[in-house]
Amino acid sequence: MLKQATGILGGTFDPIHFGHLRTAIELYQSLELSSVRLIPCYQPVHRKLPIASPEHRLAMVKAAVIDEPALTVDACEIERATPSYTVDTLENLRANYPDTPFCLIMGIDALLGLASWHRWQDILTLAHIVVAHRPHYQLPKTGVIADLLKQRLQQSPLCVHNALSGHVILQPVTALEISATDIRRQFASGRNPRYLLPNRVYEYIKKEKVYSIG
Ligand code: ATP
């Protein structure tokens, strides 16, 4: 008997913002997940190094969800302190939770780059992939990701509870065109990014001078 599926949202969270949090909470509701685990990476492998330290990024994620029981924080990648491969994280989670379907949540931007991820095909033996719609991204019509969608795409989002892994779901979420890059730029140039991210995170960044120069 399988347990209720759990969502997994990894990211640099440099910093976490309402785009991440709305996506997590809307998918928690629409897919009837038991919770969504937010997993800040230690060192991303597909992009530039984060500006904020792992400790600051973890503290910001914790501050963001402190009053929301549906969203939990998992520090496993930061505690591992090695380059953060999603497949390693999923293998560890699978060892600890053998009966829980996992839904790896990603934006379409992340899906488009999936074929460059370490052991990307193994990811679908460990989890489902739930793709959150975001503005300005089109699904590919040819190539490996298009083939993957042809083979794996399921129409019913609740099918994630019936198998441990292997499905791809496309799920609309409220489109919030917020990016961590833009928020960092705003802090660094003395502009005010309030209301793009939780107030507790905003206050933490100001207090700890996470993105200020000098
Ligand atoms: P950066 O601007 O530094 O690239 P980011 O805002 O895209 O950062 P990440 O931490 O890299 O944030 O993203 C983690 C995950 O959240 C990815 O799967 C990404 O697709 C998704 N995501 C990022 N921004 C949004 C948003 N505004 N709405 C929905 N999902 C988002």
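As the structure lists them, so they are numbered: ligands from 1, and atoms in each ligand from 1. Below, each value reflects all heavy atoms present in this structure, side chains not excepted, and no hydrogens, waters or symmetry copies.
Side-chain heavy atoms closer than 4.5 Å link hydrophobic residues (I, L, V, M, F, W, Y) into clusters, and following such links, possibly through other members, connects V45 to L90.
Taking the side chain as every heavy atom from C-beta outward, Y211 and P15 approach each other to under 4.5 Å. L158 is listed as a side-chain neighbour of E32, based on a closest heavy-atom distance under 4.5 Å.
Nearest approach of L9 to H20, heavy atoms of both residues: CD2-O, 3.8 Å. A pairwise comparison of heavy atoms in H161 and A5 identifies ND1-N, 3.1 Å as the closest pair.
In this model, a donor atom of one side chain and an acceptor atom of the other lie less than 3.5 Å apart for Q186 and D182. S34 and T6 share a donor-acceptor pair across their side chains, judged by distance under 3.5 Å alone.
Numbered from 1 in the order shown, with element, the atoms of ligand 1 that lie under 4.0 Å from a heavy atom of L176 read 26 (C), 27 (N), 28 (N). Atoms of ligand 1 found under 4.0 Å from any heavy atom of T181, numbered from 1 in the order shown, are 1 (P), 2 (O), 3 (O), 4 (O). Each of the atoms 18 (O), 20 (O) of ligand 1 lies under 4.0 Å from some heavy atom of G107. For ligand 1, the atoms closer than 4.0 angstrom to any heavy atom of G11 are 10 (O), 14 (C). Which parts of ligand 1 touch F13 is read off a 4.0 Å heavy-atom cut-off, strictly below it: atoms 10 (O). Close contacts between ligand 1 and T12 involve ligand atoms 9 (P), 10 (O), 11 (O) [criterion: under 4.0 Å to a heavy atom]. Close approach to T23 involves these atoms of ligand 1, each under 4.0 Å from a residue heavy atom: 28 (N), 29 (C), 30 (N). For ligand 1, the atoms sitting less than 4.0 Å from at least one non-hydrogen atom of G10 are 14 (C), 15 (C), numbered in the order shown with element in parentheses.
At a heavy-atom distance under 4.0 Å, only side-chain atoms of R184, from C-beta outward, approach ligand 1.
Among R22, H20, R57, the residue whose heavy atom sits closest to atom 9 (P) of ligand 1 is H20.
Taking the salt bridge (charged side-chain N to carboxylate O under 4.0 Å, His left out) definition, one finds that E208 meets it with nothing, sequence neighbours left out. For D99, there are no salt bridge (charged side-chain N to carboxylate O under 4.0 Å, His left out) partners, not counting sequence neighbours.
Below 3.5 Å of separation, one finds an N or O of D109 facing an N or O of ligand 1.
Ligand 1 has at least one atom lying under 4.0 Å from a heavy atom of I178. Ligand 1 has at least one atom lying under 4.0 Å from a heavy atom of H17.
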